Number of protein chains: 2
Amino acid sequence: MRIGEAASASGVSAKMIRHYEAVGLLPAASRRASGYRDYGEAEVHALRFIRRARELGFSLHEIAALLALWGDRARASAEVKRLALAHVEALERKARDLSAMAATLRHLASTCHGDARPECPILEDLAGEALSKPNALGNVI
Amino acid sequence: MRIGEAASASGVSAKMIRHYEAVGLLPAASRRASGYRDYGEAEVHALRFIRRARELGFSLHEIAALLALWGDRARASAEVKRLALAHVEALERKARDLSAMAATLRHLASTCHGDARPECPILEDLAGEALSKPNALGNVI
DNA sequence: GATGGGGGTTCCCATGATGGGAAGGTCAAG
DNA sequence: CTTGACCTTCCCATCATGGGAACCCCCATC
């Protein structure tokens, strides 16, 4: 199987397959006489593994560790679980941060008339001027 | 005020102040005879504006638009509100995506014993083998 | 056999925000 | 006059991904 076929079979672009090889996430593919990379089912399987892990937000660095564990028959599932839960924590932290930003900004936007007038509490907050106005009730609730 | 003082006064690193100037987010700072950049209160004010906007997750591109509106006395607050709410939508979408990843992975991890045995539903899911086992109830929830 | 098209190959560059670090200039205090 | 803290510019790295150029390979069709 050439790289394009492996790409459509795995859902990973040919560009990324070469990249994963270049950064050492995958071993160098075997080559045909023409110089073309040649792939089999095992490689496609690994590529699907990588794609699924990426969908779950794992970094390539983390995926390298997961791939090593995947290929290690003597692995302890505790190690995999540890990696997964550490990643879950990171994801939840980022999600909370984004939600907090969204909530702050949504509140700020709710105090803005949003009409043709120039007065805008959003800009006032960004400029740090909110407290200088007597009618301001507070920066961020 | 030299760049280091402007940095500590604004909370933006000197490195980033130069960067913001280089990418056109800020006008070129005036220079002393020595070549050092020179800053006043107005510049520090703009830097604080940028920092606050970054804390709220705005991209530098979006901040450029906000800065332009900030400096435009004839602006309509509707435009600012529109930008802010579009950004809120994007933040909420990202937060939802991350939460979904975290939930999927947390569920997956909950089905993993996490002991010394090699059996690991997390790796099985990543490898796309979940459905091949008769005791698997489903891929994701 | 020549040609065309749809593969493949490598290499460079770009994204976005941030930082590290090197090589060298400036300034104030000792 | 030296020392040390500060500044300057420039290059490189991060992380995952893609665009594109220049060139090679293979197969089918005329």
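Note that the structure is a prediction, hence the values are computed from the model and not measured. Residue numbers start from 1 in every chain, and the chains themselves are labelled A, B, ... in the order their sequence lines are given, proteins ahead of strands.
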Integer-rounded Å distance: C/dG16 C1' and B/Lys94 NZ: 11 Å
B/Arg106 CZ to B/Thr111 OG1 distance, which is reported to the nearest 0.5 Å: 13.0 Å
Candidate nucleotides C/dT26, D/dA16, D/dC26, ranked by approach to the side chain of A/Ser34 - the nearest: D/dC26
Phosphate OP1/OP2 of C/dA17: any B/Tyr20 side-chain N/O under 4.0 Å: no
Touch class at under 4.0 angstrom, heavy-atom based, for A/Arg31 against every strand present: sugar-phosphate
Base D/dC6 paired with B/Tyr36 side chain (donor-acceptor, <3.5 Å): yes
Atom pair distance, as rounded to whole Å: CZ in A/Arg2 and C1' in C/dG5: 13 Å
Sugar-phosphate only, base, or nothing, as touched by A/Arg37 at under 4.0 Å among non-hydrogen atoms: sugar-phosphate
Whole-Å gap separating C1' (D/dT17) and CD1 (A/Ile17): 14 Å
Sugar-phosphate only, base, or nothing, as touched by A/Arg54 at under 4.0 Å among non-hydrogen atoms: sugar-phosphate
Separation of atom NE2 in B/His19 from atom P in C/dG20, rounded to whole Å: 15 Å
Along DNA chain C (nearest heavy atom to each residue), the more 5'-positioned of B/Gly35 and A/Glu5: A/Glu5
Derivation and outcome, salt bridge (charged side-chain N to carboxylate O under 4.0 Å, His left out), residues B/Arg52 and A/Asp125: CA-CA 8 Å; B/Arg52 176 75 176 130; A/Asp125 176 281; 2.8 Å; yes
Atom-pair distance (CG on A/Asp38; P on D/dC26), nearest Å: 12 Å
Pair A/Arg93 + A/Glu89: basic N to acidic O under 4.0 Å: no
Side-chain N or O of B/Ser13 closer than 4.0 Å to phosphate OP1/OP2 of C/dG19: yes
Sugar-phosphate only, base, or nothing, as touched by A/Phe58 at under 4.0 Å among non-hydrogen atoms: nothing
Given B/Glu21, B/Arg32, B/Glu43, B/Arg2, the one that forms side-chain contact (heavy atoms from CB on, under 4.5 Å) with B/Arg37: B/Glu21
For atom CZ of B/Arg32 and atom P of C/dG25, their distance in whole Å: 20 Å
Rounded interatomic separation in angstrom, taking CZ from B/Arg18 and P from D/dC10: 12 Å
Euclidean distance, atom NZ of residue A/Lys15 to atom C1' of C/dG7 [Å, nearest integer]: 14 Å
NZ/NE/NH1/NH2 to OD/OE distance under 4.0 Å, A/Glu62 and A/Arg54: no
